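Protein chains get the first letters and strands the later ones, always in sequence-line order, with residue 1 at the start of each. On a predicted model such as this, the values are computed, not experimentally measured, just so you know. For the numbers below, each heavy atom of this structure counts, side chains included, while hydrogens, waters and symmetry mates do not.
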Amino acid sequence: MAAKGIKCVKGVRDIFPPEIDIWKFIENIWEETFSLYGFKEIRVPIFEYTNLFQRGIGESTDIVEKEMYTFTDKSGNSITLRPEGTASVVRAYVEHNLNKESPFNKFYYIGPMFRYERPQKGRYRQFYQIGVEVFDDNSPEIEVETLEMVNFALKKLGFSKYELNVNSIGCPECRPNFIKILKEKLNENKEKLCDDCKRRIDTNPLRVLDCKKESCKTVINEMPKITEYLCEDCKKHHLRLLKLLKGRKINYVENPLLVRGLDYYVRTTFEVVVENLGAQNAILGGGRYDGLVKELGGPDISGFGFALGLDRMVIALNENIKNSFQKNPDFYLAYFGENVIDYSFSILEKFREKGISVYTNFKGRSFKSHLRLANRLNSKFVILIGEDEVKNNKIIVKNMKEGTQREIKFDDLNSFLDEISKEN
RNA sequence: GUGAGAGUAGCUCAGUUGGCAGAGCACUGGAUUGUGGCUCCAGUGGUCGUGGGUUCAAAUCCCAUCUCUCACCCCA
């Protein structure tokens, strides 16, 4: 129980061992994968001027309208804790003219995002994303390479049951036309829809297509699909993408109902969903945002990227993989008696110089309680040092699993340690 | 922002019509004074989420509030 009155803020949390090992495992696999595919890290601030997000994400989106942590700083500027990463990366790209600096165009970021939402499974007010952005490449090919990279990393992480949903939501040329037609058709069937959907016809017509109620589903089945209303260029792009995905044998599901909540998306959108996450089942999502760089004051170049929710990925990660992270140091040093600490320190140093991690405890324990602790920590070996060992310049190494132990003379320590290093 | 459930020891949870605050696991010590796990014995540990109210008496009833969980909504 926490000390009186001291608690963390609603919707945020601490992450500590052993769970932190799972986080680092996931982060490492993504970073290794990014490196293989030629991405480099970019670090951007956690807060920005509010208008970056207003312009970037879209003034009327839910995120900007009601979910941002916005405050006024001491000089009267409106500041917002970032609710997502793309706007910041694009801002940095534009601000520093990175397109002129070098031809390099593939970036990834990792860090916390902030949204004021009601907490729920897989949804927190401070949550962590890893994301990638590719600038100045409007080809379907880069999309395929990126999706292949997603598959690559997810497989390495041990995900076997997931589904890649792909859609095209058109562009500012063709999408308004589709929405107009969809609204008309929905209004014709208005009486058959649930109350929520009746409201959505005006607020968010695309969202009606995603309703789970049976009565609505029958209506939805007869509704037009956005992919049938794409303009020539968008259609060409989309068909090329699907063809390439098939060629690369990347499994996907065409989902004409997949829409994104951020205004900047055009054409290709995609999402990876898993089963065991409850309502928040999307672990990764993204798409193309060709107009955003220009919108934020840069050249008219394209953008494509995705973000993944680390919190959700940790929850969804296969249970047996999670259990393999109970990793404490193999060695525990137990010392007891008068004037043995100097000797013990020198032994610890020897181990560490050879790259072998050792844990010990300085609370003046008896051998019994040392060993009990070592057992709890799952130590494989315990180094025992008492007055006798100091006097005779040796250590005892006990194998906890076998229950056996052997004496090592201090002079033989180096070769013993080399032997261990080789085994690991 | 809306709806439902929950909050008691470090953890998982009991606690009857209101009547001394409980168990298991964990922890500390001992049985075994330089050797873990198994067993036995003993011990530490609580502002019953918080603040009010009713009552001789509240973990229990009432009001408020905070947090967690799940769903709506939205998104990664």
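Residue side chain A:K398 reaches the base of B:U35 through a donor-acceptor N/O pair under 3.5 Å, judged by distance alone. Residue-to-nucleotide contacts include no donor-acceptor pair under 3.5 Å from the side chain of A:R115 to the base of B:C74. A donor and an acceptor atom sit less than 3.5 Å apart, one in the side chain of A:E389 and one in the base of B:G34.
When the nucleotides B:C75, B:C74, B:G34 are ranked by their closest atom to the side chain of A:D62, B:C74 comes out on top. Candidate nucleotides B:G1, B:C70, B:G37 were compared by shortest atom distance to the side chain of A:K121, and B:C70 ranks first. Here the nucleotide nearest the side chain of A:R372, chosen from B:G36, B:G1, B:U35, is B:G36. Nearest to the side-chain atoms of A:R118 among the listed nucleotides B:A71, B:U28, B:C27 stands B:A71.
The base-pairing partner of B:A71, taking Watson-Crick or G-U wobble contacts with both distances under 3.5 Å, is B:U2. The partner of B:G29 is B:C41, by the rule that a Watson-Crick or G-U pair needs both atom distances under 3.5 Å.
The separation between A:L373 atom CG and B:U35 atom C1' is 14 Å, rounded to whole Å. Atom CD in A:Q120 sits roughly 10 Å away from atom P in B:C73 (whole-Å rounding). A:E387 places its CD atom 16 Å from the C1' atom of B:U35, with the value rounded to the nearest Å.
Only the P atoms considered, B:U69 is 13 Å distant from B:U12, to the nearest whole Å. Taking atom P in both B:A4 and B:C27, the straight-line distance is 42 Å, to the nearest Å. Look at the P atom in both B:G1 and B:C38: the space between them is 50 Å, to the nearest Å.
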